[in-house]
Amino acid sequence: MFKKKGLLLAGVLGFSFLTTACGDDSASGDAAEFQWDFVTEETQGQVQYEYAAEFAERMAEKSDGRVEITVYPFGGLGDEVDQVEQLQMGSTELAIVSPGFTGTMVQEAQLFALHFLFPDDIALTQEILNTSEALNVHLREKYEEHNMTPLAYFTEGAMQWTSNDVPLKTPADFEGFKMRIQQSPLISESYEAYGADPTAMSWGELYPSLEQGVVQGQENPIFFIEDAGFHEVQEYMTISNHNNYVAMTVVNTDFYESLPEDIRKMMDETVEEMRDVVFEMQETMNAELLEKIEEDTENPTEVITLTEEERQAFRELALPVRQFFRDNYGEDAGKILDLMEQEIEAAQQ
Ligand code: 6CS
């Protein structure tokens, strides 16, 4: 089988200085007053990268070329965890970060790993992410203790499972199942609650690991499953909507606080504008790429949609993990989750 995406990614990782300079004014020969790096966990054409590229373009335009942002695709500056370290140290100014990769640093942020926490309605989930005090005040403070400021949280779509050997329909199907996860103890706990055997790894290693049976399955939004080519090496995809894939637009705190007021205002404005832009982006990509998976006769993937009753069996096992989160990640984690639950309930009424 032609491993289109696996090869593409190997290429990206191999040539670690592949970058896109947006707002490049080299033609005029003038160096921009502000030159920043924006690192993402995805490659060109995927949500995070396209977000960063659009963000860079808008900042260049608004600032009349005073700001030049270089966007790095995944692999350009190391793996996901390396990227977080660079942001924290300030060698990178901006990043898109998945909370899963900060799980051992900002334990409270692991609440995003809780299955069936956010509403199934993605638009409502995005509204909660935009307005939540739990996230935009309290969780933000937790990140700021590590010199990182999340300016926005956005959904990349509902997460689905893909698998080999067994279609994932009931918790029993997860018994001993080798599941790839991001590096977060609570994601691990969530899959152990179903009886699975989770292994943390970067997505850069995932394609060959699925192909060779190192792991049997994984979770991701549909656009990512198709674009990374995971469906090429997976027999089944289960539409489980068990969680939402949330990513964050994060800046180095010292850098952000040292910006001149007019530039910081431009950045805040751009963050606001990007909320609707990225929502539409993920919606289109998830819908189009689902069709692509369904129509791919060369790499057939059986798509299974869970019924509400089937989802309920998973929900029942997932709920006690919230108590695990409260018991293990400190008092503030419990308070943030309590507030988050109240906010979700209020939004649903
Ligand atoms: O599964 C992952 O690790 C990757 N998934 C997405 C949707 N974005 C980047 C992330 O590293």
Side-chain angles (χ1 to χ4, degrees), residues 5-6 8-9 12-13 38-53 71-87 95-104 109-110 112-113 115 118 122 125-126 129 153-163 178-188 190-191 198-210 214-231 233-234 237 240-250 278-279 281-286 288-290 293:
K5 309 290 181 172
L8 178 72
L9 182 60
V12 169
L13 292 170
F38 195 155
V39 70
T40 77
E41 300 166 337
E42 297 177 3
T43 56
Q44 201 163 2
Q46 297 178 348
V47 173
Q48 293 186 12
Y49 183 92
E50 295 307 321
Y51 175 110
V71 176
Y72 289 80
F74 175 65
L77 294 175
D79 72 13
E80 301 93 335
V81 178
D82 298 329
Q83 293 180 177
V84 172
E85 281 167 14
Q86 288 151 10
L87 178 69
I96 304 291
V97 176
S98 301
F101 294 111
T102 60
T104 50
Q110 294 188 89
F112 291 111
H115 295 185
F118 287 98
I122 307 265
T125 292
Q126 186 57 57
L129 297 175
Y153 303 85
F154 61 88
T155 177
E156 294 193 49
M159 282 210 271
Q160 321 299 352
W161 293 314
T162 61
S163 61
K178 290 184 279 175
M179 181 76 182
R180 175 270 171 170
I181 56 164
Q182 293 180 345
Q183 198 179 323
S184 155
L186 198 72
I187 300 181
S188 186
S190 295
Y191 282 101
T199 301
M201 67 172 73
S202 162
W203 82 262
E205 299 162 43
L206 187 48
Y207 189 108
S209 299
L210 289 169
V214 177
V215 286
Q216 294 167 282
Q218 60 86 45
E219 61 174 1
N220 254 308
I222 291 169
F223 86 86
F224 197 75
I225 292 169
E226 201 287 334
D227 202 75
F230 299 148
H231 68 297
V233 285
Q234 294 273 261
M237 178 165 78
S240 51
N241 295 323
H242 61 280
N243 199 358
N244 228 277
Y245 196 100
V246 175
M248 309 179 292
T249 311
V250 193
V278 72
F279 187 80
M281 214 185 257
Q282 64 78 30
E283 202 165 44
T284 307
M285 283 189 201
N286 280 310
E288 286 180 1
L289 296 187
L290 172 60
I293 291 177

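Computed over heavy atoms, backbone and side chain alike; hydrogens, waters and symmetry mates excluded. For ligands, and for the atoms within them, numbers begin at 1 and follow the listed sequence.
Protein heavy atom nearest atom 8 (N) of ligand 1, with residue, atom name and distance: Glu42 OE2, 2.6 Å. Looking only at heavy atoms of the protein, atom 11 (O) of ligand 1 is closest to Trp203 CD1, 3.0 Å. For atom 5 (N) of ligand 1, the nearest non-hydrogen atom of the protein is Asn220 OD1, 2.9 Å. Here the heavy atom of the protein found nearest to atom 2 (C) of ligand 1 is Gln182 NE2, 3.3 Å. For atom 1 (O) of ligand 1, the closest heavy atom belonging to the protein is Arg180 NH1, 2.8 Å. Nearest non-hydrogen protein atom to atom 10 (C) of ligand 1 is Tyr245 OH, 3.2 Å.
Counting only distance, with no hydrogens or angles, the side chain of Glu288 and the backbone of Met285 share no donor-acceptor pair below 3.5 Å. Under the 3.5 Å distance criterion, the side-chain polar atoms of Gln126 are matched with a main-chain donor or acceptor of Tyr153. Distance alone, capped at 3.5 Å, places no donor-acceptor pair between the Gln160 side chain and the Asn220 backbone. Proximity of a side-chain donor or acceptor of Thr40 to a complementary backbone N or O of Tyr72 within less than 3.5 Å is detected. Under the 3.5 Å distance criterion, the side-chain polar atoms of Gln110 are matched with a main-chain donor or acceptor of Leu186. With hydrogens and angles ignored, the 3.5 Å screen pairs no side-chain donor or acceptor of Trp203 with any backbone N or O of Glu42.
With a heavy-atom cut-off of 4.0 Å, Pro221 touches ligand 1 through its side chain alone.
Residue-ligand proximity: Gln218 is placed with every non-hydrogen atom at 4.0 Å or more from ligand 1. The closest approach between Gln48 and ligand 1 falls below 4.0 Å for a heavy atom of the residue. Distances shorter than 4.0 angstrom occur between a heavy atom of Phe101 and an atom of ligand 1.
Counting heavy-atom neighbours within 6.0 Å of Gln183 CD, excluding the residue itself, gives a total of 12 or less.
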